[in-house]
Amino acid sequence: MDGEVILVSDSEDNSTNSDMDVELEQEDCVQIVPKDNATIAEEKKKLGNDQYKAQNYQSALKLYTDAISLCPDSAAYYGNRAACYMMLLNYNSALSDARNAIRLDPKFEKAYVRVAKCCVALGDIIGAEQAVKTVAELDPQSTALSSEQQAVQKLRQLETTIQTNYDTQAYRNVVFYLDSALKVAPACLRYRLLKAECLAFLERCEEALDIAVGVMKLDSTSADAIYVRGLCLYYTDNLEKGILHFERALQLDPDHHKSKQMRSKCKQLKEMKENGNMLFKSGRYREAHVIYTDALKIDELNKDINSKLLYNRALVNTRIGALREAVADCTNVLELNAQYLKALLLRARCYNDLEKYEDAVADYETALQIEKTPEIKRLLRDAKFELKKSKRKDFYKILGVTREATDDEIKKAYRKKALVHHPDRHANSSAEERKVEELKFKEIGEAYSILSDTRKKSRYDSGQDIAEHEQNFDANQMFRTFFQFSGGRNASFNFEY
């Protein structure tokens, strides 16, 4: 009826509220019923799959890990996480998960596929071959691993080529083929460290060290990585630290053959260097020469140490007067290291002492390009001065006397040579012979006129230009004057033919 108000008694109202409370309580009970681990894990897996498809691999990894924590006996969850690790290039963790999946489900074909892929990436040829074989047994028609089969074959061929080149010390080739192998197996630490070792042999120590440090971040107990670091120290003449690294590698792997060899070589070189230096400082030069020579035979690849040994031997050679041998040693140093300034300056000094002034000037000019110092500028100026002097006539050599000759020795030398080459003595010779003797006679007189005059001799010895003297010089007049006032035979002396 319209407009009619129906009143409900309190008892009825309470009864209704009571029923509603019961219904609400029942609904709440349904909502708080806990889900079992399997259900939650499955939800985590589905969410992980969504993140994986969206290429959010870190988020997917966490969700798969949560699923495994809830249901650790699920092969599928390990398989999914293995796939996620592979996308993150963490092949070791992926391999571990794939193998756990196989442990839980030996017929899980996808897990074997992932094992094969991980083994190829890690350079584990045998592991990859075993996984390929198992997949073929589970499904003879499967083509899931055809690319991995090809990769394994390629790695086997490359490893054979790499070993052949390593055995013949063709380290550049080894690096080249290892780069090809690392394109197939990018996570293979063995390939990386072998490449680092060869780079060290090729004096590319910074690159080698970067690789070794990178590996040690992944595995701080890698004896091979520590060995490579020791090798880099050895090839940069840090023998003490090199020895410590080789010993550390041997602590981790007592059978590490390469570390044993290098530790021995390192200790031997260090001892011989120190002995050679001690002998040199004590003035026992010939003994030091023997030590340095023997040390140079230890390792021809260590250019840094060998350049220093060669330089030290060059210094020894200068002490024992073997200047040509010193030049040869310095030349060998500069072939190893063109910027070795000490060797360049020592060779220049030796050239100067050998009167090879043009070579000395060339070396000092090169040295000045490396390091512009007042001392090198002075040495270059002096060498150029000696070069200029060398292009003049050597009056001492013409008379056959030394620069320390006395006045009497100079006079005697002139007398003897002037009598031998006087034109009258060769009057019956051919025109060509007379011309030669006349030239010699003139040079002898010219030499005497300079060296017998204190002022002119001083100017000549100091390198001053005395070219004007040559234009006005009369050799015959010099001869007559000499014999007229020499107290011996006069100018009318007759030669005996």
Side-chain angles (χ1 to χ4, degrees), residues 91-92 120-126 154-270 296-307 336-337:
Y91 294 104
N92 282 307
V120 168
L122 293 165
D124 181 0
I125 294 175
I126 294 175
K154 185 174 182 179
L155 286 177
R156 280 206 177 277
Q157 292 171 354
L158 283 169
E159 287 197 0
T160 300
T161 306
I162 288 166
Q163 189 63 51
T164 300
N165 281 278
Y166 184 89
D167 291 342
T168 57
Q169 297 186 348
Y171 299 120
R172 291 185 190 283
N173 291 345
V174 175
V175 171
F176 174 80
Y177 289 115
L178 278 169
D179 283 338
S180 297
L182 283 165
K183 289 177 182 177
V184 180
C188 182
L189 301 186
R190 180 167 52 90
Y191 291 165
R192 287 191 209 174
L193 289 171
L194 183 57
K195 177 182 177 179
E197 180 186 6
C198 292
L199 288 172
F201 290 147
L202 294 169
E203 301 175 86
R204 293 162 62 180
C205 290
E206 288 187 9
E207 296 173 68
L209 197 57
D210 285 344
I211 294 173
V213 170
V215 171
M216 290 185 70
K217 287 179 180 178
L218 299 172
D219 180 6
S220 61
T221 62
S222 170
D224 286 335
I226 294 170
Y227 157 76
V228 169
R229 289 191 69 182
L231 207 59
C232 292
L233 290 165
Y234 166 76
Y235 279 114
T236 52
D237 195 19
N238 198 334
L239 299 178
E240 194 70 48
K241 287 187 177 179
I243 291 169
L244 293 175
H245 276 71
F246 297 134
E247 288 178 344
R248 172 59 179 157
L250 286 167
Q251 288 175 355
L252 294 169
D253 180 4
D255 296 322
H256 201 278
H257 179 64
K258 291 179 179 178
S259 290
K260 285 182 182 178
Q261 281 187 321
M262 289 308 304
R263 181 182 62 177
S264 174
K265 189 179 289 188
C266 222
K267 286 183 175 180
Q268 189 180 8
L269 259 178
K270 181 174 179 291
L296 283 164
K297 299 174 184 176
I298 293 176
D299 186 359
E300 63 180 17
L301 291 176
N302 197 329
K303 294 182 180 180
D304 196 0
I305 290 179
N306 287 346
S307 62
L336 296 174
N337 180 4

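Atoms considered below: every heavy atom in the structure, side chains included; atoms not considered: hydrogens, waters and symmetry mates. Residue indices begin at 1 and follow the sequence shown.
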*When you measure from the side chain of R172 to the backbone N and O of C198, does any donor-acceptor pair fall under 3.5 Å?*
no

*asked:* So does D304 get a backbone contact from the side chain of S307, meaning a donor-acceptor N/O pair under 3.5 Å?
replied: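 Yes, the answer is positive, given that a donor and an acceptor are paired below the 3.5 Å cut-off.
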
*With side chains defined as the heavy atoms from C-beta onward, is the minimum distance between L155 and C188 less than 4.5 Å?*
no

*Would you indicate whether the side-chain heavy atoms of Q163 and D167 approach each other to under 4.5 Å?*
yes

Nearest-0.5 Å distance, [atom1] of residue [X] to [atom2] of residue [Y]:
X	Y	atom1	atom2	result
N92	D219	CG	CG	9.5 Å
L269	M262	CG	CE	8.5 Å
R263	E247	CZ	CD	5.5 Å
D237	I305	CG	CD1	4.5 Å
L202	L301	CG	CG	8.5 Å
S259	H245	OG	NE2	10.5 Å

Could you tabulate the donor-acceptor pairs under 3.5 Å formed by side-chain atoms of residues 223-234, not counting sequence neighbours?
from : atom 1 : to   : atom 2 : distance (Å)
D224 : OD1    : H256 : NE2    : 2.6
Y227 : OH     : E197 : OE2    : 2.9
Y234 : OH     : D299 : OD2    : 2.8

Atom [atom1] of [X] with >12 non-hydrogen neighbours under 6.0 angstrom:
X	atom1	answer
K265	NZ	yes
K258	NZ	yes
Q251	CD	yes

*asked:* Give me the atom names and distance for the closest heavy-atom approach of V215 to S222.
replied: CG1-OG, 4.2 Å

_Please find the pair of heavy atoms, one from K260 and one from L250, that lie closest to each other, and give the distance._
CG-CD2, 3.5 Å

*asked:* For R192 and L218: C-alpha separation, side-chain torsions, deciding distance, then whether side chain to side chain contact (heavy atoms under 4.5 Å, CB included) applies.
replied: CA-CA 12 Å; R192 287 191 209 174; L218 299 172; 4.1 Å; yes

Using residues 174-185 as the side-chain source, report each donor-acceptor pair under 3.5 Å to any protein atom, sequence neighbours left out, with the distance given to one decimal.
from : atom 1 : to   : atom 2 : distance (Å)
D179 : OD1    : K195 : NZ     : 2.8

*Anything under 30° is parallel, anything over 60° is perpendicular, the rest tilted; go ahead and classify Y235 against F201.*
perpendicular

